[in-house]
Chemist: 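Take a look at this one; I'll ask things after.
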Amino acid sequence: FEVAPYDVVHNRVEFDNYVGNAFFSEAAARLNVADRQELPVDGGHLALHGNSALQLAGSVLTGHAAFARGASVDISSFADIHVVGGGGTAPAGATVVLNTSVLNSWGAESLLIGGLRRETDEGTVVDVRAGTVELNNQGSTLAGSDIVLAAATNLTIGDGSSIVST
């Protein structure tokens, strides 16, 4: 067999190049599909679940092209979830404590805390898993373009806590 550069192969054979981003976007427009499917250029989806405990301290790469959809991040646990920042604290013994500065640093286009999203024929469904979600971030702000806090029993926004849509 022979290994040849692209230019050599291109001159010997005839073929068409198809790019997924363009192909699927054009197909959605041609078929009048209002909500196009996710494309390779989009930011993607990250789902994190801790059954009884969860600690998040790292970075998440959510970059995407300006014309593409941003990343969505779901954070879930069967344990109570405490979102803290600034002067806010979680109760002693809390096993799921999320820091607003870490969550903000991820730059997710959509952030869901307390459940996991799934797609059905009828649309997006959120399976709420946390019994309690508590935001206690006096002196800091949980910021993002789409933030959803979901709890089966108790959703608490502490005094002086802040959520801002960007």
Side-chain angles (χ1 to χ4, degrees), residues 20-22 24-25 28 33-166:
N21 293 317
F24 292 118
S25 295
V33 175
D35 189 25
R36 69 162 174 80
Q37 69 184 47
E38 288 187 30
L39 300 175
V41 73
D42 291 335
H45 181 81
L46 172 65
L48 303 165
H49 177 80
N51 282 336
S52 59
L54 185 64
Q55 181 179 3
L56 303 175
S59 298
V60 175
L61 303 176
T62 59
H64 58 89
F67 58 87
R69 293 179 184 161
S72 60
V73 176
D74 299 354
I75 303 170
S76 171
S77 179
F78 295 127
D80 294 343
I81 298 175
H82 301 273
V83 183
V84 301
T89 59
T95 59
V96 180
V97 180
L98 309 175
N99 191 295
T100 56
S101 63
V102 171
L103 299 175
N104 290 342
S105 74
W106 293 351
E109 184 172 291
S110 180
L111 177 64
L112 167 63
I113 299 174
L116 297 173
R117 287 174 255 226
R118 62 184 169 87
E119 295 297 323
T120 69
D121 290 340
E122 289 77 40
T124 303
V125 173
V126 175
D127 293 323
V128 178
R129 302 212 173 164
T132 296
V133 173
E134 181 178 294
L135 178 66
N136 189 8
N137 66 335
Q138 301 86 353
S140 72
T141 298
L142 179 59
S145 59
D146 177 42
I147 299 173
V148 178
L149 304 178
T153 307
N154 297 308
L155 177 59
T156 304
I157 309 294
D159 291 339
S161 293
S162 175
I163 304 174
V164 173
S165 176
T166 55

Chemist: Among Leu111, Val96, Val83, whose side-chain contact (heavy atoms from CB on, under 4.5 Å) with Ile75 holds?
Modeler: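 Option passing the side-chain contact (heavy atoms from CB on, under 4.5 Å) with Ile75: Leu111.
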Chemist: Which atoms form the tightest heavy-atom contact between Val97 and Ala90, and what is the distance?
Modeler: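 The answer is CG2-CB, 3.7 Å.
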Chemist: Where is the tightest heavy-atom contact between Gly85 and Thr100, given as atom of each residue plus distance?
Modeler: CA-OG1, 3.6 Å
Chemist: Quick check for you: to the nearest 0.5 Å, what is the distance between Glu38 atom CD and His45 atom NE2?
Modeler: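 Answer for the CD-NE2 pair, Glu38 versus His45, is 8.5 Å.
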Chemist: So which heavy atom on Ala108 is nearest to which on Val73, and how close?
Modeler: CB-CG2, 3.7 Å
Chemist: Around Leu61, counting heavy atoms of other residues, nucleotides and ligands shown, do more than 12 lie under 6.0 Å from its CG?
Modeler: no
Chemist: With the side chain counted from C-beta on, respond yes when Leu135 and Val133 share a heavy-atom pair under 4.5 Å apart, and no when they do not.
Modeler: no
Chemist: Nearest heavy-atom pair of Val126 and Gly115: which atoms, and what distance?
Modeler: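 Here Val126 and Gly115 meet closest at CG1-CA, 4.4 Å.
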Chemist: Does the Thr62 side chain pair with the main chain of Ala71, one donor and one acceptor, at a distance under 3.5 Å?
Modeler: no
Chemist: I'd like to know if the side chain of Ser145 and the backbone of Glu109 have a donor-acceptor N/O pair within less than 3.5 Å.
Modeler: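 Here the side-chain-to-backbone pair exists.
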Chemist: Locate the shortest heavy-atom distance separating Ala150 from Leu112; write the atom from each residue and the value.
Modeler: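 Reported closest heavy-atom pair: CB-CD1, 4.2 Å.
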Chemist: Taking Asn104 for its side chain and Ala143 for its backbone only, find out whether a donor-acceptor pair lies under 3.5 Å.
Modeler: yes
Chemist: Does the side chain of His82 come within less than 4.5 Å of Asn136's, by heavy atoms?
Modeler: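 A side-chain contact under 4.5 Å is absent here.
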Chemist: Under the 3.5 angstrom rule, does the side chain of Glu134 hit a backbone N or O of Gly158 as a donor-acceptor pair?
Modeler: no
Chemist: Using a 3.5 Å distance criterion without hydrogens, assess whether the side chain of Ser161 forms a donor-acceptor pair with backbone atoms of Asn137.
Modeler: yes
Chemist: With a 3.5 Å distance limit and no angle check, can you tell me whether Thr132 reaches the backbone of Asp80 through a side-chain donor-acceptor pair?
Modeler: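 No: the side chain of Thr132 does not pair with the backbone of Asp80.
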Chemist: Is there a donor-acceptor contact under 3.5 Å linking the side chains of His49 and Asp74?
Modeler: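 No, no side-chain donor-acceptor pair sits under 3.5 Å.
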Chemist: One pair to check against side chain to side chain donor-acceptor pair (under 3.5 Å): Ser110 and Ser72. What are the steps and the verdict?
Modeler: CA-CA 5 Å; Ser110 180; Ser72 60; 5.8 Å; no
Chemist: Under the criterion side chain to side chain donor-acceptor pair (under 3.5 Å), I'd like the reasoning laid out for Asn99 against Ser101: C-alpha separation, chi angles, the key distance, then a yes or no.
Modeler: CA-CA 6 Å; Asn99 191 295; Ser101 63; 2.6 Å; yes
Chemist: To the nearest 0.5 angstrom, please state how far the CD1 atom of Ile147 sits from the OG1 atom of Thr166.
Modeler: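 Result: 7.0 Å between the selected atoms.
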Chemist: Mark yes when over 12 heavy atoms from residues, nucleotides or ligands other than Glu119 sit less than 6.0 Å from its CD; otherwise mark no.
Modeler: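 For Glu119, atom CD is crowded (more than 12 foreign heavy atoms under 6.0 Å).
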Chemist: So, do Asn21 and Phe67 sit near enough that their side-chain heavy atoms are less than 4.5 Å apart?
Modeler: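 They are not in side-chain contact.
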Chemist: Sub-3.5 Å donor-acceptor pair from the side chain of Ser77 to the main-chain atoms of Gly50, do we have one?
Modeler: yes
Chemist: What closest approach, in Å, do Ser140 and Gly86 show between heavy atoms, and which atom pair accounts for it?
Modeler: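 Of all heavy-atom pairs spanning Ser140 and Gly86, the closest is OG-N, 3.4 Å.
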Chemist: How long is the gap from CD1 on Ile163 to CG on Leu149, to the nearest 0.5 Å?
Modeler: 4.5 Å
Chemist: Test of understanding: with salt bridge (charged side-chain N to carboxylate O under 4.0 Å, His left out), list the residues that count as partners of Asp42, not counting sequence neighbours.
Modeler: Arg36
